[in-house]
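First up is the structure itself, then whatever we jot down about it.
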Amino acid sequence: MSRLTHISAPEGVAPATAYTHVVMGSGRFVAVSGQLALDEEGKPVGEGDAGAQARQVFENLRRCLAAAGATFDDVVKLTYFVTDMAHMPAVRAARDAYLDPDRLPAASAVQVAALVAPEFLMEIEAFAVVAE
């Protein structure tokens with residue numbers, strides 16, 4: 001596991017509630033492309049079901065991180081692209097099944113007009129730092 005420092009409330013900034021304002025560390029940088037709710041065969045999972053899609057996306061992120069020798073403990077930043085902010089509770093529930101809620105990464109959430117195909121409700125990318 002890399003050594004990361006989490007700063008939830010930098011001086012003069014309101015404390016974060018569902019993310020960390022600043023996460024820093026040293027080591028090897030890992031970028032994971034935005035993941036969609038696709039199974040191992042490339043078939044969509046959970047059409048119309050934000051919870052099912054979020055769980056599949058986080059499982060795909062876990063597998064991608066593992067391929068780089070990383071875990072969710074190494075993630076410094078998540079970016080959520082959702083077609084409707086109403087999907088964020090499902091995203092947070094899936095996230096909390098994989099990440100320690102006391103050491104959340106920095107995060108951004110963006111509502112987008114569309115993703116690569118209409119059946120997808122979200123796409124999530126991750127940045128991690130792994131000890132050398």
Side-chain angles (χ1 to χ4, degrees):
M1 179 169 82
S2 65
R3 294 187 177 264
L4 301 177
T5 300
H6 292 72
I7 304 171
S8 295
E11 186 176 336
V13 178
T17 56
Y19 60 94
T20 300
H21 281 294
V22 179
V23 181
M24 58 188 168
S26 61
R28 186 170 39 92
F29 180 72
V30 177
V32 178
S33 292
Q35 295 297 301
L36 297 165
L38 293 169
D39 67 14
E40 293 180 48
E41 297 174 0
K43 295 178 181 161
V45 171
E47 191 167 343
D49 182 341
Q53 287 199 17
R55 289 187 296 275
Q56 183 66 49
V57 167
F58 273 93
E59 181 57 21
N60 290 349
L61 288 168
R62 185 194 66 75
R63 290 174 179 169
C64 290
L65 289 164
T71 71
F72 279 107
D73 289 338
D74 303 307
V75 172
V76 296
K77 174 77 166 47
L78 290 170
T79 306
Y80 309 104
F81 301 96
V82 294
T83 57
D84 188 328
M85 282 296 174
H87 302 318
M88 287 306 297
V91 169
R92 288 185 192 107
R95 176 204 63 197
D96 290 350
Y98 284 88
L99 282 94
D100 178 352
D102 293 326
R103 293 182 41 86
L104 293 175
S108 298
V110 181
Q111 183 170 317
V112 296
L115 293 167
V116 68
E119 62 267 24
F120 298 116
L121 305 175
M122 66 197 64
E123 181 173 333
I124 303 172
E125 66 183 15
F127 299 116
V129 176
V130 181
E132 301 223 29

Nearest non-hydrogen partners of Leu78 and Ala126, listed with the distance: CD2-CB, 3.7 Å

Spacing of Asp73 atom CG and Leu4 atom CG [to the nearest 0.5 Å]: 8.5 Å

Interatomic distance, Glu125 atom CD to Ser108 atom OG [nearest 0.5 angstrom]: 9.0 Å

Criterion side chain to side chain contact (heavy atoms under 4.5 Å, CB included) on Tyr19 and His21, from CA distance to verdict: CA-CA 7 Å; Tyr19 60 94; His21 281 294; 3.5 Å; yes

Parallel, tilted or perpendicular, as decided by the 30° and 60° cut-offs, for the rings of Tyr98 and Phe58: parallel

In one Ile/Leu/Val/Met/Phe/Trp/Tyr side-chain cluster, 4.5 Å: Leu104, Leu61: yes

Working for side chain to side chain contact (heavy atoms under 4.5 Å, CB included), residues Leu121 and Thr83: CA-CA 5 Å; Leu121 305 175; Thr83 57; 4.0 Å; yes

Verdict with supporting geometry, Phe72 and Asp100, side chain to side chain contact (heavy atoms under 4.5 Å, CB included): CA-CA 8 Å; Phe72 279 107; Asp100 178 352; over 6 Å; no

Side-chain touch Ile7/Met24, heavy atoms, less than 4.5 angstrom: yes

Separation of Tyr80 OH from Ile124 CD1 (nearest 0.5 Å): 6.0 Å

Separation between OG1 of Thr79 and CZ of Phe127, rounded to the nearest 0.5 Å: 5.5 Å

Atom of Ala52, atom of Gly46 and distance for their closest heavy-atom approach: CB-CA, 3.9 Å

Value rounded to 0.5 Å, distance of CG in Asp84 from CE in Met122: 10.0 Å

Nearest atoms (heavy-atom pairs only) where His87 meets Ala50: ND1-CB, 3.5 Å

Heavy-atom pair of closest approach, residues Val32 and Cys64: CG1-CB, 3.6 Å

Heavy-atom closest contact (Pro105 atom, Leu99 atom, distance): CD-CD2, 3.3 Å

Joint cluster assignment, Val91 & Val112, ILVMFWY side-chain distance < 4.5 Å: no

Working for side chain to side chain contact (heavy atoms under 4.5 Å, CB included), residues Val30 and Asp74: CA-CA 9 Å; Val30 177; Asp74 303 307; over 6 Å; no

Polar side-chain atom of Gln53 near backbone of Ala90 as donor-acceptor pair, under 3.5 Å: no

Side-chain donor/acceptor of Glu132 to backbone N/O of Val130, under 3.5 Å: no

For Glu40, all residues meeting salt bridge (charged side-chain N to carboxylate O under 4.0 Å, His left out), sequence neighbours excluded: Arg63

Pair Asn60-Gln56, side-chain donor/acceptor within less than 3.5 Å: yes

Rounded distance [0.5 Å steps], CD in Glu119 versus NZ in Lys43: 13.5 Å

Short side-chain to backbone donor-acceptor contact, Arg28 and Ala68, under 3.5 Å: yes

Over all atoms of both residues, closest heavy-atom pair of Leu38 and Gly42: CD2-O, 3.3 Å

Gln35 (side chain) donor-acceptor with Val57 (main chain) under 3.5 angstrom: no

Hphob cluster co-occupancy, Val110 + Met88, side-chain heavy atoms under 4.5 angstrom: no

Set of residues satisfying side-chain contact (heavy atoms from CB on, under 4.5 Å) with respect to Ala18, sequence neighbours excluded: Arg92, Arg95

